[in-house]
Amino acid sequence: MKRLTTFILAAAMTLGLCACGGQGQEEADQATAPPATVEPAAAETTTVTASVSTEESAAAAIPSSVEPLYLPQAADGWQDSYLAFLDDNYDIFAALWPEGMTGVGFADLDLDGTPEMIIFDQGASATLGVQLFDLVDERVVCVSSTLDSASGAFGDEYFSTVSVCTSYFEAFRLSYTTKDGWCFWVDSANGTLESTWNEIIRFDCEDGVLTPVSVCTRYLESDEETGLVVAESYTVFGQEAQAADYEAAANIYLYGQDAGYEVSGVFLWSDNSYDTTYDGFLALAQAAVDAYRPIETENISAS
């Protein structure tokens, strides 16, 4: 018989925010430093030199035409696979995230036809932490988490060093870009009064597996009293870059043709009937399955 485990909710959850120290030192460190990227920096750092202005890069990022989007059929029974996974691994979630999981949603982030599972935790600082799960050969695997130990708990075969911090399901945007065509992306961000970072993350599909890719990062250090930026650094695909290069890389997604598709999910505070017990968590997940809205490709076509 399943043991019911009760999470302890932080007071900040009722405000839809998360407090620092939500998941121990491991995530507290992540709140004050930029996340790891897919490609490690070279031993001798290369600085990319900007060749165009911000205005030029923004104009070049606007697609002149948009190709139709076609998606394969979703895998049979994907809903039951994810719900069974959460049922079987509830105690692991309770151990890894004792303060609770705050939201569950589904979206076809890699555009392979079958949705991935998005789970929000309490976060480490100014935003919530995101865990991403994919269905691979009828098995649910963790491909990204703000908690490194999740790779050991769920297997590291497909685990990425790229993690996402955001507070909304709608932050995952489906856009047509001049570089990648149709893709999902997110502007991941977090920080404190002393430092903040942003990271544009694109979602690919490699060998049938959701693969988050770090496109560019921005890390700013500020004076706590004045709020003025005292240090800054940027990367583009893991290489040190200038601010203009970060903006040019980010503009490809920021100025892409947005599909208008809203990723849906359910947060714990959206309904008093959900709580952080085993039964409440599974009810939350079932509600997220029911809330899932497939991408209507017939409404996303050439223009």
Side-chain angles (χ1 to χ4, degrees), residues 5-33 35-36 82-83 85-87 89-107 109 116-134 140-156 159-172 186-192 197 199 201 210 212 263-271 274-278 280-285 287-288:
T5 304
T6 303
F7 291 137
I8 301 175
L9 287 177
M13 190 191 70
T14 60
L15 300 176
L17 302 172
C18 58
C20 293
Q23 293 168 355
Q25 186 62 42
E26 181 176 26
E27 289 198 4
D29 292 340
Q30 293 184 14
T32 57
Y82 284 120
L83 292 175
F85 171 80
L86 294 177
D87 186 9
N89 292 279
Y90 172 78
D91 286 345
I92 296 178
F93 278 94
L96 288 176
W97 294 279
E99 292 188 352
M101 312 306 292
T102 62
V104 182
F106 296 91
L109 296 178
E116 285 75 46
M117 180 166 61
I118 304 169
I119 296 184
F120 283 86
D121 62 28
Q122 284 281 4
S125 187
T127 57
L128 303 179
V130 177
Q131 337 309 315
L132 300 173
F133 296 84
D134 198 0
V140 177
V141 298
C142 183
V143 298
S144 175
S145 173
T146 54
L147 197 63
D148 290 341
S149 55
S151 64
F154 301 114
D156 59 2
F159 195 77
S160 171
T161 58
V162 179
S163 59
V164 177
C165 285
T166 186
S167 296
Y168 308 96
F169 288 104
E170 296 84 357
F172 295 88
V186 66
D187 186 359
S188 176
N190 208 344
T192 65
W197 57 259
E199 181 176 21
I201 298 172
L210 173 68
V263 173
S264 58
V266 181
F267 279 109
L268 191 68
W269 47 79
S270 64
D271 190 322
Y274 306 127
D275 57 35
T276 52
T277 63
Y278 162 77
F281 183 50
L282 266 293
L284 181 72

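Note that this is a predicted model, so its numbers are computed, not measured.
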Next on the checklist: Could you check, using the six-membered ring where one of them is a Trp, whether Phe93 and Phe154 have ring centers closer than 6.0 angstrom?
Outcome noted: yes
Over all atoms of both residues, closest heavy-atom pair of [X] and [Y]:
X      : Y      : value
Phe106 : Ala285 : CE1-O, 4.1 Å
Ala107 : Ile118 : CB-CD1, 4.1 Å
Ala153 : Leu96  : CB-CD1, 3.6 Å
Thr277 : Tyr90  : C-OH, 3.2 Å
Ser270 : Val266 : OG-CG1, 3.4 Å
Phe267 : Ser167 : CZ-O, 3.7 Å

Next on the checklist: Taking OH in Tyr168 as the centre, count heavy atoms belonging to other residues, nucleotides or ligands within less than 6.0 Å. Is the count above 12?
Outcome noted: no
Item to check | Aromatic plane relationship, Phe169 with Phe120 - under 30° parallel, 30 to 60° tilted, over 60° perpendicular | outcome: perpendicular
Item to check | Reference residue Asp87; test side-chain contact (heavy atoms from CB on, under 4.5 Å); the match among Tyr278, Phe281, Tyr82 | outcome: Tyr278
Item to check | side-chain contact (heavy atoms from CB on, under 4.5 Å), paired with Pro212, selected from Thr161, Val130, Val164, Val162 | outcome: Val162
Next on the checklist: With side-chain contact (heavy atoms from CB on, under 4.5 Å) as the criterion, how do Leu147 and Asp121 come out once you've worked through the C-alpha distance, each side chain's angles and the decisive distance to 0.1 Å?
Outcome noted: CA-CA 10 Å; Leu147 197 63; Asp121 62 28; 5.8 Å; no
Next on the checklist: side-chain contact (heavy atoms from CB on, under 4.5 Å) for Val143 and Ser160? Distances and angles first, verdict last.
Outcome noted: CA-CA 6 Å; Val143 298; Ser160 171; 5.6 Å; no
Checklist entry - Hey, does Leu86 have a side-chain heavy atom less than 4.5 Å from the side chain of Met117? => result yes
Any donor-acceptor pair under 3.5 Å linking the side chain of [X] with the backbone of [Y]?
X      : Y      : answer
Asn190 : Cys165 : no
Thr127 : Ala189 : yes
Glu116 : Leu109 : yes

Item to check | Distance (rounded to the nearest 0.5 Å) between Ser145 OG and Leu132 CG | outcome: 8.5 Å
Checklist entry - Say you draw a straight line from CD1 of Ile119 to OG1 of Thr102; how long is it, rounded to the nearest 0.5 Å? => result 10.0 Å
